[in-house]
**Q** 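The structure that follows is given in the form of structure tokens.
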Protein chains: 2
Amino acid sequence: MPEEKISTADASKREGSTGRPVRADAQRNVEALLEAALAVFAKSGVDAPVREIADAAGVGVGTFYRHFPQRADLVAAVFRHEVDACADAAPILASEHEPGEALARWMQRYADFIATKRGLASALHSGHPAYGALHAYFNERLQPALAGLLKAAATAGEVRGDVEPEELLRAVGSLCMQASDDGRDQTRRMVALLVDGLRYGAGTARGDR
Amino acid sequence: MPEEKISTADASKREGSTGRPVRADAQRNVEALLEAALAVFAKSGVDAPVREIADAAGVGVGTFYRHFPQRADLVAAVFRHEVDACADAAPILASEHEPGEALARWMQRYADFIATKRGLASALHSGHPAYGALHAYFNERLQPALAGLLKAAATAGEVRGDVEPEELLRAVGSLCMQASDDGRDQTRRMVALLVDGLRYGAGTARGDR
DNA sequence: CTTGTAAACGGAACATAGTTCCACATCTAA
DNA sequence: TTAGATGTGGAACTATGTTCCGTTTACAAG
């Protein structure tokens with residue numbers, strides 16, 4: 001279900017919709033680009049120049065754009081499996097903790113994911129239409145994950161039930177934009193504050209923690 | 001004391017530190033640029049091209065850069081008095097409402113300010129060093145304003161006392177980055193959620209009431 | 001009023017970015 | 001082996017921030 005055409009860069013070795021197989025060299029170049037991008041993003045952030053990534057992969061920019069029509073498509077492809085991992089963490093946390101605690105932990109998990117990718121959050125929230133696909137994929141995978149946790153916690157009376165998961169995702173994403181250096185603790189505190197906001201006014205609102 | 005050298009573009013008509021008076025045409029151009037910028041920012045957002053602003057003001061880009069060494073300096077100059085207005089709203093709200101309510105209202109006031117300036121929040125949080133002065137000015141004026149409200153509310157036992165005003169400012173700024181269209185309500189809800197987070201577990205400070 | 005000159009001006013030019021284009025190279029099926 | 005679809009590289013185009021510098025202008029001193 002989560003398979004969207006987030007970029008041209010999937011289609012495992014077998015043929016595309018045309019019937020003709022993907023050329024081996026093309027396949028190689030796509031992989032080289034993804035690998036190079038991961039490294040370059042880690043070193044220079046998500047905003048690294050296209051040329052830098054193409055050079056690192058040993059291909060020309062033309063090749064880059066053949067496989068990733070827009071810069072953002074590369075970003076999307078690179079982070080796709082990390083998004084999946086984050087989504088998959090939800091049911092696991094749910095099985096290990098009380099509903100409220102699971103929710104709180106997942107929110108931090110999500111925050112950590114975003115925060116460690118320099119520039120990812122900014123890119124996502126830049127409003128630039130090029131990141132629409134990435135944004136869509138984030139919602140597609142993460143919203144159901146969060147929705148489950150949220151509903152369970154609300155049913156258990158641990159948090160209020162009138163907040164949309166999509167809003168929360170966006171909010172946490174926003175909070176993580178500051179990035180890097182000493183801000184990690186601060187980000188965690190702000191996410192925790194948001195979660196406490198969810199708790200406020202649920203059945204169990206007493207002073208503690 | 002809020003007078004910092006946020007840009008080259010202050011110094012009211014009188015002489016600068018050199019002793020020589022500011023030339024009248026220069027003075028005019030600075031004003032034309034500020035006025036044009038306000039209009040262009042409203043229409044095209046804070047990210048509008050320098051040339052567009054220069055054209056609107058009827059000056060060349062060279063003149064632009066003479067008065068505002070960096071694009072960001074213009075942004076800072078344009079929003080300076082709006083920041084002041086926001087800061088000044090704090091004591092007024094404090095005198096009209098209960099501490100907790102005053103805090104909540106000011107947070108929304110601040111959020112509205114940021115949110116209505118397309119791209120302002122993004123610029124502030126872009127991490128780009130050019131916006132350092134603007135960011136500093138924001139903190140300089142707004143942090144004391146919020147600190148007062150926060151302390152009063154904590155003393156009244158309405159909110160917890162272990163949160164730094166600077167963190168909150170940054171958090172609200174982040175939450176407002178999404179901007180425009182249908183997001184205003186959502187932003188307000190998220191800011192409210194953050195405030196509820198402050199209320200959750202109130203009493204962490206020497207409270208009474 | 002004239003004039004010397006520091007100050008200000010304008011916009012061409014430069015640097016960096018994303019993206020497009022297309023002549024040429026390469027792969028693959030027959 | 002070979003034809004042609006597919007893929008490649010990088011020059012070139014666009015947009016944008018910023019710098020440079022020859023020219024113009026304000027203004028105070030004479």
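In what follows, chains carry the letters A, B, and so on, assigned in the order in which the sequence lines appear, proteins first and then strands, with residues in each chain numbered from 1. The figures here come from the full heavy-atom set of this structure, side chains too, leaving out hydrogens, waters and symmetry mates. As the structure is a prediction and not an experimental result, all values here were calculated from the model.
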**Q** Please give, in whole Å, the distance from C:dT26 C1' to A:Arg28 CZ?
**A** 10 Å
**Q** Let me know the distance between CG of B:Asn29 and C1' of D:dT24, rounded to the nearest Å.
**A** 13 Å
**Q** Of all of residues 41-60 of chain B, which get a heavy atom below 4.0 angstrom from DNA chain C, listed by number?
**A** B:Arg51, B:Gly58, B:Val59, B:Gly60
**Q** A:Asp84 and A:Tyr137: side chain to side chain donor-acceptor pair (under 3.5 Å), yes or no, with the steps?
**A** CA-CA 10 Å; A:Asp84 291 342; A:Tyr137 190 66; 2.6 Å; yes
**Q** Give a yes or no on whether a salt bridge exists between B:Arg199 and B:Asp196, defined as a side-chain N under 4.0 angstrom from a carboxylate O.
**A** yes
**Q** Just the rounded figure in Å: distance from P of C:dT19 to CG of A:Leu74.
**A** 11 Å
**Q** Choose from D:dC27, D:dG10, D:dG7 the nucleotide whose nearest atom is closest to any side-chain atom of A:Asp25.
**A** D:dG7
**Q** Could I get the full list of salt bridge (charged side-chain N to carboxylate O under 4.0 Å, His left out) partners for A:Glu35, not counting sequence neighbours?
**A** none
**Q** Rounded to the Å, how far apart are B:His67 NE2 and C:dA7 P?
**A** 13 Å
**Q** Looking only at side-chain atoms of B:Tyr65, point me to the closest of D:dT18, C:dT19, C:dT26.
**A** D:dT18
**Q** Just to verify, what does B:Glu101 make a salt bridge (charged side-chain N to carboxylate O under 4.0 Å, His left out) with, not counting sequence neighbours?
**A** B:Arg105
**Q** Hey, is the side chain of B:Thr63 poking within less than 4.0 Å of OP1 or OP2 on C:dA8, counting only N and O atoms?
**A** no
**Q** Evaluate whether atom CD of B:Glu52 has more than 12 neighbouring non-hydrogen atoms of other residues, nucleotides or ligands under 6.0 angstrom away.
**A** yes
**Q** Measuring from A:Leu74:CG to A:His67:NE2, what's the distance to the nearest 0.5 Å?
**A** 10.5 Å
**Q** For B:Leu33 and C:dA8, what is the distance between atoms CG and P respectively, to the nearest whole Å?
**A** 14 Å
**Q** Salt bridge or not between A:Lys117 and A:Glu82? Use side-chain N to carboxylate O under 4.0 Å.
**A** yes
**Q** If you assign B:Ala24 and A:Val61 each to the DNA chain D nucleotide with the nearest heavy atom, which residue ends up on the more 5' nucleotide?
**A** A:Val61
**Q** Rounded to whole angstroms, how far apart are CZ on A:Arg23 and P on D:dG4?
**A** 16 Å
**Q** Write down the distance between CZ (A:Arg66) and C1' (C:dA25), rounded to a whole number of angstrom.
**A** 13 Å
**Q** I want to verify a distance call: between C:dA8, C:dT19, D:dG7, whose nearest atom is closest to the A:Arg71 side chain?
**A** C:dT19
